[in-house]
Chemist: 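Please see the structure below; I have some questions.
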Amino acid sequence: MKPKRRPLIAGNWKMHGDAAWAATLAREVAHRTARARHCDVAVMPAFPLIPVVARVLEGSPVAFGAQDVSPEEEGAFTGDVSARMLRSIGCTHVIVGHSERREHHLEGDDLVRRKTARALGAGLVPILCVGERLAEREAGQTLSRVETQVRIAMQGLDGADAARVVLAYEPVWAIGTGRTATPAQAEEVHEFLRGVVRGLFGYEVAEGLRILYGGSVKPDNIRDLMACPDVDGALVGGASLDAESFSKIVNFTE
Ligand code: PGA
C-alpha cells in the first residue's frame, strides 16, 4: 500500500514566454486541473511573470512560486530576488538547487543550503533539487552524490522545517533530453533519499516528506512513475509549457 502523502505536480516554466503567454497558460492550467482533488498543483513562471500568473490564479487552488531565490535577506545584491519579496506577492513555493542553476551559475551545495534556509525562514516551501550527472551515474556514484547534496542542503534545519521541504530527484541526464529514468531507477533513489532523511530527522519526517521525480516527465510516463511507493509527484519542465500535456500529467489518475 502506498503511504498517504499528498502528491505535488509542479510545472517549471523556466525562461519561456512573456506576459500574455503566461496569462493564457495559467488560465488554461487552472481550468483543466480544476477537478483534480488527489494532488496539489503549482506552477513556477520566471520572476516578472509571477504577478501576471498570480492575478489569473486568484481563487484557484493552483499554487505558484519562483525558480530561484537569493540566499540573502535584503540589501545591495543587484539582480537578486528575496524570499520575502516572493512571499509578499503570494508565492508559496520556490525551486532551489535546480541543476541548470548549479550548471550555468555555478551554484554549489552550500549556496543551496543557504537558499533553502532562507526560503523556509520566509514561509516558502523549497523544492530542493538534487540529481547526478550521467558520468556520475556511470561511475556508480548516483547514491553518494544525491546523499551529499541532501545532507549539505538540509544541514542545520530542525525537524519542523525539514518536514516542510519538498525534495525533487532530477537526474541531470534526464532533464530536457526525452530520456526518463525508469520507474525502478527513480524508486531506487527516492527510497534511498527517504532513508537519508530518516537518518537525519527521524521516521516521521521521512515518512511525511514528499519526494518528486523530475526529468522528461510526460503524460505517457507519469502513471508508472507515480505507481512507485516513494514517488510523491513530479517536477515537470517541457511538458508543463503546454496546458494539455501538463493537465494530463496532473490528472494521471483518470
Ligand atoms: P524536463 O525538465 O521535464 O523538461 O526534463 C524538468 C526540470 O528541469 O525540472
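Atoms within each ligand, like the ligands themselves, are counted from 1 in listed order. Only a predicted model underlies this, so the values are computations on that prediction, with no experimental measurement involved.
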Chemist: When the ring planes of His16 and Trp21 are compared, do they come out parallel, tilted or perpendicular, using 30° and 60° as the limits?
Modeler: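 Ring orientation of His16 relative to Trp21: tilted.
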Chemist: Relative to atom 8 (O) of ligand 1, which among His98, Glu170, Glu100 owns the nearest non-hydrogen atom?
Modeler: His98
Chemist: Please work out whether any backbone atom (N, CA, C, O) or any side-chain heavy atom from C-beta onward of Ile175 is under 4.0 Å from ligand 1, and answer side chain, backbone, both or neither.
Modeler: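 Both parts.
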Chemist: Can you measure from CZ (Arg37) to CG (Asn251) and round to the nearest 0.5 angstrom?
Modeler: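 Atom-to-atom, Arg37:CZ and Asn251:CG are 10.5 Å apart.
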Chemist: Is it the case that the side chain of Thr182 and the backbone of Gln185 share a donor-acceptor pair, with hydrogens and angles ignored and the cut-off at 3.5 Å?
Modeler: yes
Chemist: Side chains of Glu132 and Trp173, heavy atoms from C-beta outward: is any pair under 4.5 Å?
Modeler: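 In contact.
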Chemist: So is Lys14 polar-close to ligand 1, meaning N/O to N/O under 3.5 Å?
Modeler: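 Right, the criterion is met.
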Chemist: Identify, for atom 4 (O) of ligand 1, the protein heavy atom at the shortest distance, and state residue, atom and that distance.
Modeler: Gly238 N, 2.8 Å
Chemist: Counting from 1, what ligand 1 atoms have a heavy atom of Gly176 closer than 4.0 Å?
Modeler: 1 (P), 4 (O), 5 (O)
Chemist: What's the shortest distance from atom 6 (C) of ligand 1 to any protein heavy atom, and which residue and atom give it?
Modeler: Gly237 N, 3.5 Å
Chemist: Could you tell me whether ligand 1 has any atom less than 4.0 Å away from a heavy atom of Gly215?
Modeler: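 Yes, Gly215 has heavy atoms under 4.0 Å from ligand 1.
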Chemist: Is ligand 1 less than 4.0 angstrom away from at least one heavy atom of Ser216?
Modeler: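 Yes; Ser216 lies near enough to ligand 1 that a heavy-atom distance drops under 4.0 Å.
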Chemist: Are Arg6 and Asp232 close enough for a salt bridge, meaning some N to O gap below 4.0 Å?
Modeler: no
Chemist: Distance from Tyr213 atom OH to Asp230 atom CG, nearest 0.5 Å?
Modeler: 15.5 Å
Chemist: What part of Ala174 sits under 4.0 Å from ligand 1 if we count only heavy atoms: the side chain, the backbone, both or neither?
Modeler: backbone
Chemist: Measure the CD-NZ distance between Glu107 and Lys115 for me, rounded to the nearest 0.5 Å.
Modeler: 3.5 Å
